[in-house]
Amino acid sequence: TAAMAASLTACGGSGDGAAKETGEAQAAGEDGEKIKLTLCVGRKNDLSFQQSAFEGSERVKKELGDKYEVNVVEMGEDTTKWQAAFYDAADAGADIVVGTGFQNKENFETIPLEYPDTKFILFDQELDFESNDLSNTMAVLFDSNQSGFLAGAVAAYYTTGENAANADKTIGFVGGVESTTVNNFLVGYAEGAKYVDPEIKVLTAYVGDYNDTAKAKDLANAQISEGADIIFQVAGGAGNGVIEAAAEKDGVMAIGVDSDQYQALEGSNLQPAVITSSLKRLDNALFNICQSYAEDPSSVPFGENVTYGLAEDSVGIVFNDNLTNSIGQENVDKVQEALEKIQAGEIEVTGAGGLSPGGNEGQPDFPLRKSTRLFSNRQA
């Protein structure tokens, strides 16, 4: 559902492989030159993470078109071909090359060294800025634990409410690949649920990739059979399988991720099953970076990892009628209050660190356990 065949397109290139020799002023679009921005994503219509980045590039094209020339490359799902796309983009004369995800850590720690006058931006993956001179590169991270916290609060209000499929205080979580990035959502999710009701149990499972919709659906169904009546999917395109599973069971809801998946699924039979979405606003982050760069290149912190959160409108959740109808206006107001408390620093949400669902010494004592049907039973 909602998955389309990705077209593998070339970025175009000069073929000479030489590093660009443009200065900072020219890169900023002075002297009548537009800034050439190339976004390389696996698939721009995954209804999730990569689509959010694509929507950001579309906004740059629409609102900053007098300053930017925007090129979008769909690289396909074969990550072994991604490196070539970034080289092609740099060779073609891009001033800024943008990528997403942990799969590109090595690419963005090596390729920028060969193109010192090209800027590189990687979303959602920390980079090692100490080992090499990556002064032309920026890694953009997100306080997704904050939006995960809000999703957890929503899940807790739903599973303890009158619309839930059962009286169990059990919620689910299906991640793509077990990693700090995904677990950042999970830690916030568990913390937000516990904030509402300390007795909430969280079932966890991982697909192993971000594409296997069928497996994600099986994992969700396993959690539903164990009493979960709301499941948070942080699994990219694979997460559509979680939404499918929820849509097929009365009283079961899914929480989308990264983009507003309720809106994205408009008109489909899956839409009503999306209670809200935990947003990672790559679109806002990319647009704001591009806007700042066009105004003053030195204002953009290349050469370091930067983190955006609620304060920068780069994370959050969707407030809409479906959420209100599912948990009631009083509880929606409580979620909004929690959001404001996070913004004000009154609630501090824990980061993932090295958390795994099996539990690690020194990590918060969350009631997490892996789904028993497909995983061994473990209690944190």
Side-chain angles (χ1 to χ4, degrees), residues 48-49 52 123-124 126 139-161 171 173 175 180-200 202 204 230 232-234 253 255-262 274-285 287-289 305-320 322-324 326-355 362-368 380:
S48 187
F49 181 78
S52 181
F123 284 101
D124 217 34
E126 187 175 20
V140 181
L141 310 175
F142 296 88
D143 284 328
S144 49
N145 54 333
Q146 294 179 345
S147 58
F149 184 99
L150 301 175
V154 167
Y157 286 126
Y158 182 77
T159 195
T160 56
I171 63 178
F173 178 93
T180 299
T181 299
V182 172
N183 283 345
N184 224 20
F185 282 104
L186 172 59
V187 170
Y189 184 58
E191 211 165 55
K194 189 174 182 179
Y195 175 80
V196 173
D197 188 333
E199 296 181 1
I200 298 291
V202 184
T204 67
I230 182 165
F232 182 20
Q233 69 87 3
V234 184
M253 301 292 281
I255 299 174
V257 73
D258 295 335
S259 298
D260 182 350
Q261 295 189 302
Y262 180 86
V274 181
I275 188 172
T276 187
S277 293
S278 174
L279 301 176
K280 185 180 289 185
R281 299 298 303 269
L282 275 74
D283 54 345
N284 284 350
F287 178 83
N288 290 337
I289 290 169
N305 296 301
V306 297
T307 302
Y308 294 157
L310 281 169
E312 293 80 20
D313 195 24
S314 294
V315 301
I317 66 165
V318 175
F319 291 93
N320 59 21
N322 202 35
L323 176 61
T324 303
S326 299
I327 66 173
Q329 186 61 54
E330 181 180 355
N331 289 328
V332 169
D333 292 342
K334 291 177 182 177
V335 175
Q336 180 65 48
E337 181 182 347
L339 185 156
E340 293 168 0
K341 286 184 176 180
I342 295 172
Q343 287 179 318
E346 296 176 34
I347 294 177
E348 294 186 8
V349 187
T350 306
L355 177 71
Q363 292 293 345
D365 183 21
F366 294 138
L368 309 177

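All values below come from the heavy atoms of this structure, side chains included, with hydrogens, waters and symmetry mates left out. Nothing fancy with the numbering, it's 1 onward along the sequence. Keep in mind that this is a model prediction, so the values were computed, not measured.
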Residues which pass side chain to side chain contact (heavy atoms under 4.5 Å, CB included) with [X], listed by chain and number, not counting sequence neighbours:
X: Glu126; value: Leu141, Asn305
X: Ala155; value: Ile171, Tyr189, Ile230, Ile255
X: Glu340; value: Gln336, Gln343

For the residue pair [X] and [Y], what are the closest heavy atoms and their distance?
X: Val335; Y: Ala153; result: CG2-CB, 4.4 Å
X: Gly175; Y: Val182; result: CA-CG1, 3.9 Å
X: Phe232; Y: Gly256; result: CE1-O, 3.5 Å
X: Val187; Y: Thr350; result: CG1-O, 3.4 Å
X: Gln261; Y: Gln233; result: OE1-NE2, 2.8 Å

Name of the residue among Ile275, Thr276, Asn320 meeting side-chain contact (heavy atoms from CB on, under 4.5 Å) with Ser326
Ile275
Atom pair [atom1]/[atom2] of [X] and [Y] - distance to nearest 0.5 Å:
X: Gln146; Y: Asn184; atom1: CD; atom2: CG; value: 9.5 Å
X: Met253; Y: Leu323; atom1: CE; atom2: CG; value: 8.5 Å
X: Leu282; Y: Phe123; atom1: CG; atom2: CZ; value: 5.5 Å
X: Leu186; Y: Thr180; atom1: CG; atom2: OG1; value: 11.5 Å
X: Lys341; Y: Tyr195; atom1: NZ; atom2: OH; value: 4.0 Å

Holding to side-chain hydrogen bond (donor to acceptor under 3.5 Å, both in side chains), I want the full list of residues that pass it with [X], two or more places apart in sequence or in another chain.
X: Gln329; value: Asp333
X: Asp124; value: Lys280
X: Ser278; value: Ser147
X: Asp283; value: Arg281

Hey, does [Y] have a side-chain heavy atom less than 4.5 Å from the side chain of [X]?
X: Ile327; Y: Val332; result: yes
X: Phe142; Y: Asp258; result: no
X: Leu150; Y: Ile342; result: yes

Tabulate below the donor-acceptor pairs under 3.5 Å that side-chain atoms of residues 309-319 make, not counting sequence neighbours, or state none.
residue, atom, partner, partner atom, Å
Glu312, OE1, Gly309, N, 2.7
Asp313, OD2, Asn284, ND2, 3.2
Ser314, OG, Glu312, O, 3.4

Would you list the pairs meeting side-chain hydrogen bond (donor to acceptor under 3.5 Å, both in side chains) in which at least one residue belongs to residues 152-161, sequence neighbours left out?
Thr159-Asp229
Could you pull out all residues at least two apart from Tyr308 that satisfy ring-ring contact (aromatic ring centres under 6.0 Å, His included)?
none
Salt bridge (charged side-chain N to carboxylate O under 4.0 Å, His left out) filter on Glu330, not counting sequence neighbours, yields Lys334
